[in-house]
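Everything below concerns the one structure shown next.
When a ligand or atom number is given, it counts from 1 through the structure's own listing order.
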Amino acid sequence: MRPGPTKLTALHHLLLQPALSQPPIPLPQGTGRYSISLTNQEWTDPTRPDPFNQSHPRRIMTSRFDPVPPSQCHSKQVPYMPPTTAAVEDEILAAYGYPKGLWARFVQEEKWPLALFSPGLNTTRFFSNHLAQEIASHGFTVISMDHPYDTDVVEFPNGDVVFGGRVEWPANGSTASVEHALEVRAKDASFVLDRLGIGRSEEQRAVMFGHSFGGAAAATALLNDGRFRAGINIDGTMFGPVLNYSLGTLSRPQAFMLFGSDGHSSFTDPSWSQFWAALNGSANVDYKKEFSITKSVHGSYWDLNILVDIAGIREELSEMAKLIIGPVPGKRVWEVMGRYAPAFFRFALRLEEEDRVLRGEDGDFPDVVLLRG
Ligand SMILES: *[C@@H]1O[C@H](CO)[C@@H](O)[C@H](O)[C@H]1NC(C)=O
Ligand SMILES: *[C@@H]1O[C@H](CO)[C@@H](O)[C@H](O)[C@H]1NC(C)=O
Ligand SMILES: *[C@@H]1O[C@H](CO)[C@@H](O)[C@H](O)[C@H]1NC(C)=O
Ligand SMILES: *[C@@H]1O[C@H](CO)[C@@H](O)[C@H](O)[C@H]1NC(C)=O
Ligand SMILES: *[C@@H]1O[C@H](CO)[C@@H](O)[C@H](O)[C@H]1NC(C)=O
């Protein structure tokens with residue numbers, strides 16, 4: 001389905017929806033110059049049986065964030081997540097001591113380079129709405145994808161709900177399930193490019209980023225599809241062929257950025273060091289960088305880390321809940337990602353010169369460490 005029937009709605013803000021007696025809390029816009037329009041879309045691939053359920057064709061849900069000049073923007077509130085997803089995610093987070101009702105309370109309000117986003121294993125794309133909005137505010141169309149049967153819960157417009165958890169984290173050394181899931185995710189990503197009419201011309205090349213398992217999916221998508229010019233893995237262990245086969249071809253070089261967390265880098269994670277060695281050994285990888293944010297943790301990079309500050313509940317969280325998001329304020333993580341990711345993508349797409357932050361030379365980011373590249 002083309003981004004057709006749903007009219008793009010221009011939004012100024014992400015807002016908290018009144019839930020019971022609780023007042024709405026506005027979410028800030030991205031730090032970039034553009035406001036954002038948001039569309040949720042279903043995409044069905046009639047040519048591909050769902051690899052997790054052959055009884056129906058593969059269909060995925062996406063959220064599309066488009067930059068809009070502020071002068072053309074009128075604001076509207078829309079839910080941060082649809083209701084079933086919000087209820088399921090509430091239950092999951094309640095187990096870690098997060099207050100219930102958080103998700104249900106949030107609402108959101110030219111030709112750009114296309115950036116696809118893939119979320120963590122068994123987690124929803126909505127957990128990165130705000131990160132997607134941040135990148136979009138710097139002038140990218142960002143499309144975040146759910147991957148049914150892998151994503152914990154996916155809600156379709158007709159009311160169908162597909163639960164996830166079908167992908168097994170490696171136990172007893174077998175990575176077969178995660179490797180299969182990465183191939184499925186990469187196909188989902190290529191399918192989105194197909195549907196958007198992205199061809200093989202240099203001008204049309206796309207980029208992809210992902211958090212956790214979604215970062216590994218970004219690398220796999222690049223390896224499988226030369227239409228992707230560059231990718232970012234935000235703190236995700238790598239699996240599969242990207243460990244042994246390098247990205248890029250002679251005619252279509254590719255670029256990659258690793259964004260790790262404190263204690264997780266190519267110096268500590270064998271999958272990252274092997275991936276880095278593969279990047280390093282390739283003549284067709286024309287740019288590569290590895291960064292880390294001091295004191296960051298794996299969960300620093302998902303929306304929860306900024307939503308707790310906006311909702312003003314960080315101090316009330318249980319110790320376990322605090323451990324998940326770590327000590328770096330969400331606002332800071334978004335400032336960093338809003339600067340480094342767009343700079344990297346624009347440079348790789350040859351839209352602008354290499355930003356000095358990419359050379360580790362910006363005094364405004366003393367907490368961002370250039371580890372390699
Ligand atoms: C496969 O999809 C069908 C709907 O097309 C659903 O009824 C069925 O429960 C699914 N099976 C599994 C194992 O998820
Ligand atoms: C997926 O997430 C759900 C909810 O947190 C959990 O119950 C389930 O065990 C997870 N499945 C896997 C395979 O991790
Ligand atoms: C891993 O191996 C142990 C011992 O052989 C077995 O009990 C367990 O079920 C296996 N786990 C998985 C996920 O295959
Ligand atoms: C990569 O190559 C090593 C040997 O060099 C092999 O042990 C490993 O299984 C390979 N991994 C993948 C994912 O192909
Ligand atoms: C990268 O490649 C260079 C040249 O082949 C080599 O000297 C260096 O050791 C490699 N570094 C890593 C981290 O693999």
Side-chain angles (χ1 to χ4, degrees), residues 42 44-46 48-61 81 84-98 100 102-103 119-127 146-156 158-172 174-182 184-185 211-214 216 236-239 242-248 256-258 260 265-290 298-299 302 304 320-321 324 370-373:
E42 176 184 353
T44 301
D45 183 353
R48 184 166 54 127
D50 192 301
F52 295 98
N53 186 338
Q54 305 277 330
S55 78
H56 59 78
R58 183 67 170 169
R59 56 175 184 157
I60 64 172
M61 282 301 298
M81 290 181 184
T84 303
T85 307
V88 171
E89 301 303 346
D90 259 355
E91 289 298 329
I92 292 168
L93 288 166
Y96 296 94
Y98 278 91
K100 284 200 186 180
L102 193 57
W103 306 117
L121 184 65
N122 204 20
T123 65
T124 171
R125 73 188 193 279
F126 297 111
F127 277 164
D146 271 342
H147 307 282
Y149 298 103
D150 161 343
T151 298
D152 52 359
V153 52
V154 184
E155 221 170 323
F156 288 92
N158 72 350
D160 286 354
V161 175
V162 173
F163 290 96
R166 301 286 180 83
V167 181
E168 283 171 37
W169 193 249
N172 299 341
S174 172
T175 53
S177 182
V178 284
E179 288 186 29
H180 173 251
L182 287 176
V184 174
R185 283 179 175 227
H211 179 223
S212 194
F213 198 57
T237 303
M238 293 286 198
F239 299 98
V242 295
L243 297 175
N244 290 356
Y245 300 96
S246 192
L247 304 180
F256 209 85
M257 182 153 90
L258 291 169
S265 72
S266 66
F267 296 96
T268 62
D269 178 341
S271 79
W272 276 30
S273 56
Q274 195 176 341
F275 178 72
W276 188 270
L279 289 180
N280 188 49
S282 172
N284 302 319
V285 171
D286 56 1
Y287 196 72
K288 58 187 184 300
K289 292 281 168 179
E290 178 178 354
H298 193 62
W302 66 345
L304 208 47
M320 187 163 56
I324 292 179
L370 173 60
L371 291 174
R372 290 191 200 266

Checklist entry - Could you give the distance from CD (Glu42) to CG (Asp146), rounded to the nearest 0.5 Å? => result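 Those atoms lie 12.0 Å apart.
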
Item to check | Nearest-0.5 Å distance, NE2 of residue His147 to CG of residue Leu121 | outcome: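 Here the rounded value is 10.0 Å.
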
Checklist entry - Which is it for Arg59 and ligand 1 at heavy atoms under 4.0 Å: side chain, backbone, both or neither? => result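 For Arg59, no heavy atom sits under 4.0 Å from ligand 1.
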
Closer than 3.5 angstrom, by distance alone: can the side chain of [X] be matched with the main-chain N or O of [Y] as a donor-acceptor pair?
X	Y	value
Arg166	Pro148	no
His211	His298	yes
Ser282	Leu247	yes

Checklist entry - Which of the atoms in ligand 2, numbered in the order shown and given with their element, are less than 4.0 Å from a heavy-atom of Gly165? => result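 It comes down to these atoms of ligand 2: 11 (N), 13 (C).
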
Next on the checklist: Does only the side chain of Val167 get under 4.0 Å from ligand 2, or the backbone, or both, or neither? Count heavy atoms.
Outcome noted: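 Backbone only.
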
Checklist entry - N/O of Asn122 under 3.5 Å from N/O of ligand 2, yes or no? => result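 N/O-N/O distance under 3.5 Å: yes.
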
Next on the checklist: Can you tell me which residue among Ser266, Ser271, Ser265 is in a side chain to side chain donor-acceptor pair (under 3.5 Å) with Asp269?
Outcome noted: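 That would be Ser271.
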
Next on the checklist: Taking only non-hydrogen atoms of Val88, do any sit less than 4.0 angstrom from ligand 2?
Outcome noted: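 False for this residue.
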
Item to check | Proximal protein residues to ligand 5, non-hydrogen atoms under 4.0 angstrom | outcome: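 Trp276, Asn280, Arg372.
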
Checklist entry - Heavy atoms, side chains only, cut-off 4.5 Å: are Phe213 and Thr123 in contact? => result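 The answer is no, as the side chains (C-beta and beyond) never meet within the 4.5 Å cut-off.
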
Next on the checklist: Is the shortest side-chain heavy-atom distance between His56 and Thr44 below 4.5 Å?
Outcome noted: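 His56 does not reach Thr44 side chain to side chain.
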
Next on the checklist: Only heavy atoms of Tyr149, strictly under 4.0 Å: list the atoms of ligand 1 that pass.
Outcome noted: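 Here the atoms of ligand 1 in question are 1 (C), 2 (O), 14 (O).
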
Checklist entry - Ring centres of His180 and Phe239 under 6.0 Å apart? => result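 No: the rings miss the under 6.0 Å criterion.
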
